[in-house]
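Report on the following structure.
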Amino acid sequence: MSNTQAGMIFSVYQLGYIVSGVILSTLTDRMNTRFIFISAAFWSAAANLLFALYAHDFTSGMILRALTGIGMGGTYMPGLKLVAERFDPSTRGRAIGIYVGSLVLGASLSLAFTGWLTGIAGWRTAFICCSVSVCIGALISCFLFRGYRPLVRVRTEAGFSG
């Protein structure tokens, strides 16, 4: 695989992330945010696992990384909204800070971990381990947000209000 093809596989992940982030963020006014967030996390884990198991050429790599990006795009903004709605105003700022910090730390650590494990056991094993980690995070989210009730939104001429 050429460097250009590898860059394209990375880029299609980012494109999937951006497109689904925009679409799924707007759906949080119409659907249960917890459902969107947790479904997207499991989607991402499954697509990442499929990448580890079945990516064998440029085309399969592109498709499976795009699907992974689509899943991850459904976690950032919907997750931010979920945290903002879940915590009362007195603790909301700290909760959002912890969420964003954890997201950045998790992304950084996953790159470091994947690089380290790739050197020991190969990239496929590294991606499988990262997929398992995402599943664990999604399961923790199920527990953490189990009491979440979405805010009632009323459609007005100006849009949705809460």
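Just so you know, these numbers come straight off a predicted model, no measurement behind them.
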Let me check something: do Leu103 and Met77 share a hydrophobic cluster, defined by ILVMFWY side-chain heavy atoms less than 4.5 Å apart, either directly or through other members? yes
Pair Leu80-Ile96, side chain to side chain contact (heavy atoms under 4.5 Å, CB included): steps then yes or no: CA-CA 7 Å; Leu80 193 60; Ile96 289 174; 3.6 Å; yes
With sequence neighbours left out, the residues meeting ring-ring contact (aromatic ring centres under 6.0 Å, His included) with Phe37 are none
At what distance, to the nearest 0.5 angstrom, does CD1 of Ile120 lie from OG1 of Thr118? 9.5 Å
Please answer whether the main-chain N or O of Leu64 pairs with a side-chain N or O of Thr68 as donor and acceptor at a distance below 3.5 Å. yes
Rounded distance [0.5 Å steps], OG1 in Thr59 versus CD1 in Ile9: 8.5 Å
With clusters defined by side-chain heavy atoms of hydrophobic residues (ILVMFWY) lying less than 4.5 Å apart, directly or transitively, does Ile70 cluster with Ile63? yes
With sequence neighbours left out, write down each residue that passes side-chain hydrogen bond (donor to acceptor under 3.5 Å, both in side chains) with Arg65, or none if nothing qualifies. Asn48
Any donor-acceptor N/O pair, Ser44 side chain to Ala40 backbone, under 3.5 Å: no
Enumerate donor-acceptor pairs with a distance under 3.5 Å from any side-chain N or O in residues 132-147 to protein atoms, sequence neighbours excluded.
from: Ser133; atom 1: OG; to: Cys129; atom 2: O; distance (Å): 3.1
from: Ser141; atom 1: OG; to: Gly137; atom 2: O; distance (Å): 3.0

Rounded to the nearest 0.5 Å, what separates atom OG1 in Thr91 from atom CZ in Arg86? 9.0 Å
May I have the step-by-step check of side chain to side chain contact (heavy atoms under 4.5 Å, CB included) for Thr28 and Ile36, ending in yes or no? CA-CA 7 Å; Thr28 61; Ile36 292 171; 4.0 Å; yes
Check for a donor-acceptor pair, side chain of Ser60 on one end and backbone N or O of Ala55 on the other, with a separation under 3.5 Å. no
ILVMFWY clustering at 4.5 Å (side-chain atoms), partners of Leu105: Leu109
Just grab all the ring-ring contact (aromatic ring centres under 6.0 Å, His included) pairs involving residues 8-36, residues at least two apart or on different chains. none
Qualifying ring-ring contact (aromatic ring centres under 6.0 Å, His included) pairs, either residue in residues 44-84, two or more places apart: Phe51-Trp123, Phe51-Phe127
Can you list everything that forms a side chain to side chain contact (heavy atoms under 4.5 Å, CB included) with Val22? Sequence neighbours excluded, please. none
In Å, rounded to the nearest 0.5 Å, how long is the span from CG of Leu27 to CD1 of Ile23? 8.0 Å
Output, in order, the C-alpha distance, side-chain angles, deciding distance and verdict of side chain to side chain contact (heavy atoms under 4.5 Å, CB included) for Asp57 and Met1. CA-CA 8 Å; Asp57 60 13; Met1 177 178 304; over 6 Å; no
Tell me every residue that passes side chain to side chain contact (heavy atoms under 4.5 Å, CB included) with Ile128, counting only those two or more places apart in sequence or in another chain. Leu49, Ala52, Leu53
Residue pair Ser20 / Gly74: nearest heavy atoms and the distance that separates them: OG-N, 3.7 Å
Hey, quick one: are Leu15 and Met62 part of the same hydrophobic cluster, counting side-chain heavy atoms closer than 4.5 Å, chains of contacts allowed? no
Would you sort out whether Ser11 and Gln14 count as a side chain to side chain contact (heavy atoms under 4.5 Å, CB included), showing the intermediate values? CA-CA 5 Å; Ser11 296; Gln14 300 297 325; 5.5 Å; no
Apply side-chain hydrogen bond (donor to acceptor under 3.5 Å, both in side chains) to Asn3 and list each qualifying residue two or more places apart in sequence or on a separate chain. none
Among Ile38, Thr75, Thr33, exactly one meets side-chain contact (heavy atoms from CB on, under 4.5 Å) together with Leu82. Which residue is that? Thr33
side-chain hydrogen bond (donor to acceptor under 3.5 Å, both in side chains) filter on Thr4, not counting sequence neighbours, yields none
Which residues end up grouped with Ile98 if you chain together Ile, Leu, Val, Met, Phe, Trp and Tyr wherever their side-chain heavy atoms are less than 4.5 Å apart? none
Who passes side chain to side chain contact (heavy atoms under 4.5 Å, CB included) against Ala121, sequence neighbours left out? Leu117, Thr125
